[in-house]
A.B. asks: 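First, the structure itself, so that you have it in front of you.
All values below were derived from every heavy atom in this structure, side-chain atoms included, with hydrogens, water molecules and symmetry-related copies excluded.
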Amino acid sequence: MIIVSYDIADDKMRTNFSKMLKKNGAIRLQYSVYELQNTKRIIDNLIVKIEAFSRHFTQDDSVVVFDVGSDNIKKYGNAIYRDKPIVYF
């Protein structure tokens, strides 16, 4: 299972990102937080799509992907440059 959290400034891009997550089986937990429980292949395909979106991010945009079963955290956009540790439960 992965958790995707995002902060995207542009309304159109944010809406398209949200629709892309829903189309790929993610379930909305909060306005900008989604959960996806699926096979590794489907999750890997979603990560590729997130990386494609990240190429268009400004310095105000960020996406963080938490792999719940491990310590693996992927960051895109502005989130890459944050040095503070992330705490999640």
A.B. asks: State, with a plain yes or no, whether a side-chain heavy atom of Asn16 is found less than 4.5 Å away from one of Phe53.
C.D. replies: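 A side-chain contact under 4.5 Å exists here.
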
A.B. asks: Rounded to the nearest 0.5 Å, what separates atom CD1 in Ile2 from atom CD1 in Ile42?
C.D. replies: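 Separation between the atoms: 11.0 Å.
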
A.B. asks: Could you tell me whether the side chain of Thr15 and the main chain of Asp11 form a donor-acceptor pair under 3.5 Å?
C.D. replies: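 Confirmed, Thr15 side chain pairs with Asp11 backbone.
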
A.B. asks: Given 3.5 Å as the limit, does a donor-acceptor pair link the side chain of Asn38 with the main chain of Ile43, or not?
C.D. replies: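 Not at all, since once roles are kept as given, no pair shorter than 3.5 Å links the two residues.
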
A.B. asks: Between Val68 and Val64, is there a shared hydrophobic cluster once you connect ILVMFWY residues whose side-chain heavy atoms come closer than 4.5 Å?
C.D. replies: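 Yes.
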
A.B. asks: Rounded at 0.5 Å granularity, tell me how far CG in Leu36 sits from NZ in Lys22.
C.D. replies: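 Spacing of CG (Leu36) from NZ (Lys22) equals 14.5 Å.
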
A.B. asks: Just by modelled atom types, is the Tyr6 backbone N or O under 3.5 Å from a matching donor or acceptor in the Ser32 side chain?
C.D. replies: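 Yes: the side chain of Ser32 pairs with the backbone of Tyr6.
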
A.B. asks: Write down the atom of Asp60, the atom of Ala9, and the distance for their closest heavy-atom approach.
C.D. replies: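 Heavy-atom minimum between the residues: CB-CB, 4.3 Å.
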
A.B. asks: Would you mind reporting whether Asn45 and Asn24 have side-chain heavy atoms less than 4.5 Å apart?
C.D. replies: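 A side-chain contact under 4.5 Å is absent here.
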
A.B. asks: Check for a donor-acceptor pair, side chain of Arg28 on one end and backbone N or O of Tyr31 on the other, with a separation under 3.5 Å.
C.D. replies: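 Yes, because the side chain of Arg28 sits within donor-acceptor range (under 3.5 Å) of the backbone of Tyr31.
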
A.B. asks: Out of curiosity, His56 NE2 to Asp10 CG, how far, rounded to the nearest 0.5 Å?
C.D. replies: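 Here the rounded value is 12.0 Å.
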
A.B. asks: Taking the side chain as every heavy atom from C-beta outward, state whether Tyr34 and Ser5 have any pair of such atoms under 4.5 Å apart.
C.D. replies: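 When only atoms from C-beta onward are counted, Ser5 and Tyr34 do not touch, as no gap falls below 4.5 Å.
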
A.B. asks: If you round to the nearest 0.5 Å, how far is NZ of Lys49 from NZ of Lys23?
C.D. replies: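 Reported to 0.5 Å precision, the distance equals 9.0 Å.
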
A.B. asks: Do the charged groups of Arg41 and Asp44 touch, with an N to O distance under 4.0 Å?
C.D. replies: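 Salt bridge absent between Arg41 and Asp44.
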
A.B. asks: Are Val4 and Leu21 packed together at the side-chain level, in the sense that at least one heavy-atom pair is separated by less than 4.5 angstrom?
C.D. replies: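 Yes - at least one pair of side-chain heavy atoms lies under 4.5 Å apart.
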
A.B. asks: Are Leu29 and Ile3 close enough that some pair of their side-chain heavy atoms sits under 4.5 Å apart?
C.D. replies: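 Side chain of Leu29 against side chain of Ile3, heavy atoms only: contact under 4.5 Å found.
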
A.B. asks: Do the non-hydrogen side-chain atoms of Met20 and Phe17 ever get within less than 4.5 Å of each other?
C.D. replies: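 Of all side-chain heavy-atom pairs linking Phe17 with Met20, at least one is under 4.5 Å.
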
A.B. asks: Atom OG1 in Thr58, atom CE in Met13: separation rounded to 0.5 Å?
C.D. replies: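 Here the interatomic distance stands at 7.5 Å.
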
